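As structure tokens, the structure follows; a few thoughts come after it.
Position 1 is the first residue of the sequence; numbering continues from there. The structure presented is a predicted model; accordingly, all values stated were derived computationally and were not measured.
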Amino acid sequence: MPRSDLGLERQDGPDRLGRPGGTESEPPSGPTADRDEPSRTSAPGDAPARNTTAISASGPGHGVLALGAADHLAALIARSVRAHSGLVHFVDGDRLRLYGGFRLELQREDFRDIPVVDTLGGIVVTTGQPLVIEDVATDERVPPTSPVRVHRLIGGYLGHPIRDEHGVVLGVCCAFDVEPREWTADEYAAVAEAAQVGTLLITEQLARHEVDKQRRFLDAVLDNLHDGVTACDADGRVVLVNARMQQLRDGAGLSSEPGPDGTIAGLSDAEGKPITPESISLLRALRGEHLRDHELVLSGQGRRTRYYVVDATPISGPDGRTLGAVQAVQDVTRRKRAERFRTCELSVITALSGAADVAAAGPRVLEAVVSTLGWTHAELWLVDEAAQVVRSVAHWNAPGWDGRIEVPAELPYGTGLAGRVWQAGKPLWIRDVGLPQSLISAATAEGSRLHAALALPVRHGLEPLGVLTVFADTVENPDDELVTLMSGIAAHIGQFVESRVVEDLQRQLTRSKNDYLALIGHELRTPLTSIGAYTELLREADAETLTRDGPAMLEVIDRNTTALRHIINELLELSALDTGHAAVQLTPLDLAEVVREALASARKAVEGEPLLIAEELPDRLVVPGDRRRLRQVVDNLLGNAIKYSPDGGRITVRLRAAGGAAELAVSDTGIGVSADEREKMFAGLYRTSRARDRAIPGTGLGLTLSRAVVHRHHGSIALSEHDGPGTTVLVRLPLEAR
């Protein structure tokens with residue numbers, strides 16, 4: 001009985017379509033050689049020949065004789081008339097071929113394949129009448145080119161035509177004796193009966209040939225179906241398996257034996273109910289059920305899930321009894337995958353549309369990818385160009401997965417799977433991360449129990465923004481469809497990241513416009529008001545007042561004029577940097593030396609105040625940069641740290657090389673910046689609420705100008721996490737020129 005619901009049981013004995021095995025036997029070999037025909041008179045009453053090309057060497061007659069029947073028939077002819085030899089010829093176009101012979105003295109090659117006109121058998125074929133010759137040596141009817149004449153044979157000849165059911169002459173049965181003789185009526189009748197036997201053999205072979213042809217057509221149809229077909233007999237024994245079913249069986253890796261729980265391991269229906277040997281589709285059909293679109297799922301550890309649709313029906317005989325059952329199995333895994341792909345893409349778009357930023361969208365996107373595609377683990381990384389690293393922003397595991405998956409906070413450019421994909425700029429498929437050179441450490445691969453991995457760059461246009469990686473718990477060969485789908489998802493993520501950047505820039509632009517108006521309304525109006533007021537006082541003052549108060553009034557005017565000039569210069573410089581008009585010359589410089597110089601100036605400025613400035617600097621750290629511009633950045637950071645530490649405290653400056661970047665961190669223990677205001681600090685003219693409340697002077701242009709300079713150096717600047725009160729500003733600059 002079949003033991004798997006896919007009906008893929010191997011069979012012994014019958015071939016793959018359930019037919020008996022074995023090959024056809026070859027014709028007997030031996031010293032049988034045609035000596036060709038003798039003659040006497042034609043017997044009356046036989047129908048004339050209707051076709052002299054009735055059968056070919058490759059036709060059904062050849063199949064009969066190939067089984068040895070022709071040689072046996074020739075022997076029967078000879079013995080029935082007590083002749084020395086018996087022969088059987090068949091017509092093949094205009095030639096006569098020897099297929100059966102008994103006790104012939106000449107070699108077969110002498111008349112195996114000769115023209116019809118050169119033989120006595122040809123006379124029988126042409127006239128369609130029996131031919132009786134007492135002595136071939138003297139009979140004038142023997143063709144001069146016949147082997148009988150060529151080899152100077154003597155003896156008697158008796159030949160009779162072999163006809164099909166329509167009366168068409170297909171060949172000749174003949175007896176030949178080595179001495180001249182008279183043939184009796186009984187001997188004539190015996191050869192005629194032998195010809196009838198030949199007709200029966202040919203008719204049987206034609207029927208077998210027709211059956212074989214139909215069988216071959218059926219074989220071709222079954223083997224070219226996209227569905228796997230299996231049939232069983234009334235006892236449940238598999239009797240037919242087509243080629244597609246064999247392919248499904250080989251690809252499924254399905255065990256035909258039930259497991260300890262009595263079910264077939266990994267096989268279930270659409271609702272997840274395990275399949276038992278008794279509930280397989282073929283046997284259900286054998287019991288009388290008609291199954292249509294019956295869904296099966298083959299899954300399990302270490303293999304990709306596959307989906308099948310089965311149609312099964314019983315086979316009934318003319319009397320209504322069940323003769324067996326047949327089922328057709330279609331692998332719909334690709335269709336199911338296409339449906340899941342569409343679901344996955346829709347889920348990703350939905351997750352992105354409702355998120356404020358990539359940090360919020362990341363887990364939801366990865367969850368959609370893992371859950372809809374059946375993968376195990378996914379990660380999302382964002383590129384930090386300045387630090388030359390990719391930073392992990394989200395990762396997700398399939399529910400219930402207990403593998404140890406440790407995701408590092410960052411990976412340097414070209415390192416690890418995410419770093420290598422960033423470097424290569426194209427998708428990378430790893431069949432098994434447990435193999436050497438897989439870009440995943442052996443310990444991580446073993447502990448996580450992950451195998452296949454796919455990593456894709458997240459881009460907007462040509463600009464690298466991040467890397468998306470997914471992992472499976474099975475070994476998988478590259479799948480172009482999946483790579484295409486995941487590339488589309490990565491493109492959606494790239495558009496989302498870029499759109500959020502654009503939206504942020506739009507918000508900054510709006511805020512900058514408002515801030516500029518505020519600047520004009522306050523920062524510029526205030527010094528202008530002071531300048532105007534003191535100028536009016538000077539104009540109206542008498543000589544004594546000018547002598548007494550004039551210098552102080554001029555000092556106020558000068559101070560406010562300097563403040564105005566400083567604001568205007570910063571605005572012009574910021575505009576030039578943003579538009580690319582400001583010259584930034586990148587040459588190798590010692591950043592540690594630039595920081596030391598800025599620290600020396602800062603310490604001199606706060607000398608005598610309750611403020612401690614500490615430093616952690618390397619002896620030397622060379623970066624490509626513009627010395628004047630970078631000094632301006634360091635001065636701004638130190639100036640802010642001092643300004644926002646009005647009650648003293650501690651300022652710490654750290655400089656180090658980290659990966660492919662130089663990291664400069666300036667920390668203070670001052671009033672600090674709230675979490676929701678950190679990013680706003682780098683928008684033009686923004687000042688924190690705490691600075692405004694404490695009336696700390698400033699325009700808010702320092703950090704904005706610093707960010708413009710850092711970006712022109714292909715770096716980044718941000719307010720990072722800070723322990724305790726105060727603020728830390730982190731600047732990253734690439735160590736190599738770009």
- request: Would you check, one step at a time, whether the test side chain to side chain contact (heavy atoms under 4.5 Å, CB included) holds for Asp626 with His713?
  value: CA-CA 8 Å; Asp626 186 309; His713 283 76; 3.8 Å; yes
message: Please evaluate residues Leu589 and Val622 with respect to the criterion side chain to side chain contact (heavy atoms under 4.5 Å, CB included), reporting the C-alpha separation (whole Å), side-chain torsions for both, the decisive distance (0.1 Å), and the verdict.
response: CA-CA 5 Å; Leu589 62 87; Val622 177; over 6 Å; no
- prompt: Can Val389 and Tyr413 be said to form a side chain to side chain contact (heavy atoms under 4.5 Å, CB included), step by step?
  reply: CA-CA 5 Å; Val389 298; Tyr413 178 78; over 6 Å; no
- request: Apply side chain to side chain contact (heavy atoms under 4.5 Å, CB included) to Leu248 and Arg244, showing your working.
  value: CA-CA 6 Å; Leu248 293 178; Arg244 177 57 177 159; 3.6 Å; yes
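Two residues are said to be in side-chain contact when any heavy atoms from C-beta on lie closer than 4.5 Å; Val332 and Tyr308 fail this criterion. Taking the side chain as every heavy atom from C-beta outward, Leu655 and Leu591 approach each other to under 4.5 Å. Inter-residue side-chain proximity for Val390 and Leu382 is flagged as unmet; no heavy-atom pair is nearer than 4.5 Å. Side chains of Thr727 and Ser667 form no contact here, defined as non-hydrogen atoms less than 4.5 Å apart. Side-chain contact between Val365 and Leu380 is absent, with no heavy-atom pair separated by less than 4.5 Å. Using a 4.5 Å heavy-atom cutoff, the side chains of Glu736 and Gln388 are not in contact. Two residues are said to be in side-chain contact when any heavy atoms from C-beta on lie closer than 4.5 Å; Val470 and Val370 fail this criterion. Annotation: side chain of Val433 is not in contact with side chain of Leu417 (no heavy-atom distance under 4.5 Å).
Of all non-hydrogen atoms in Ile717 and Val729, the two that sit nearest each other are CG1-CG1, 3.8 Å. When all heavy atoms of Trp429 and Glu476 are compared, the pair lying nearest together is NE1-O, 3.1 Å. Taking every heavy atom of both residues into account, Leu465 and Gly494 meet most closely at CD1-O, 3.6 Å. Shown here for Leu468 and Met486, the closest heavy-atom pair between the two residues is CD2-CE, 3.6 Å. Scanning both residues, Gly649 and Thr669, for their nearest heavy atoms gives CA-OG1, 3.5 Å. The minimum heavy-atom distance between Glu379 and Val407, with the atom names listed, is OE2-CG2, 3.5 Å.
At a cut-off of 3.5 Å, with distance as the only test, no side-chain donor of Arg249 or Gln246 sits close to an acceptor on the other residue. Under 3.5 Å, the side chains of Ser601 and Arg631 contain a donor-acceptor pair of N or O atoms.
Put simply, CD1 on Ile493 and CD1 on Ile349 are 11.0 Å apart, with the number rounded to the nearest 0.5 Å. Interatomic distance, CG of Leu435 versus CD1 of Ile430, reported as 9.5 Å (0.5 Å rounding). Rounded to the nearest 0.5 Å, atoms CG (Leu352) and CD (Gln495) are 9.5 Å apart. Put simply, CG on Leu298 and OG on Ser268 are 8.5 Å apart, with the number rounded to the nearest 0.5 Å. Between Leu456 atom CG and Leu428 atom CG the span is 9.0 Å, to the nearest 0.5 Å. In this structure, the separation between CD1 on Ile642 and CG on Leu637 is 11.0 Å, given to the nearest 0.5 Å.
Under a 4.0 Å N-O distance rule, the pair Glu597/Arg627 qualifies as a salt bridge. Salt bridge absent: Asp668 and Arg650 never bring a charged side-chain N and a carboxylate O closer than 4.0 Å. Using a 4.0 Å cut-off between charged nitrogen and carboxylate oxygen, Glu615 and Arg603 count as a salt-bridge pair.
With hydrogens and angles disregarded, a donor-acceptor distance shorter than 3.5 Å links the side chain of Thr333 to the backbone of Tyr307. Counting only distance, with no hydrogens or angles, the side chain of Thr415 and the backbone of Leu411 share no donor-acceptor pair below 3.5 Å. Judged by distance alone, with hydrogens and angles left aside, the side-chain atoms of Arg459 form a donor-acceptor pair with the main-chain N or O of Gly425 at under 3.5 Å.
Judged as a salt bridge (charged side-chain N to carboxylate O under 4.0 Å, His left out), not a single pair has a partner in residues 414-435 (not counting sequence neighbours).
For the side-chain contact (heavy atoms from CB on, under 4.5 Å) test, residues two or more places apart in sequence or in another chain that qualify with Val634 are Val595, Ala598, Leu638, Leu664. Considering only residues two or more places apart in sequence or on other chains, Glu295 meets the salt bridge (Lys or Arg N to Asp or Glu O under 4.0 Å) condition with Lys336.
If you run side chain to side chain contact (heavy atoms under 4.5 Å, CB included) between Thr376 and each of Asn397, Thr474, Leu450, only Leu450 comes through. With Phe471 as the partner, the ring pair (Phe, Tyr, Trp, His ring centres under 6.0 Å) test is satisfied by one option alone out of His395, His451, His377: His377.
Within a 6.0 Å radius of NE2 in His711, other residues, nucleotides and ligands contribute more than 12 heavy atoms.
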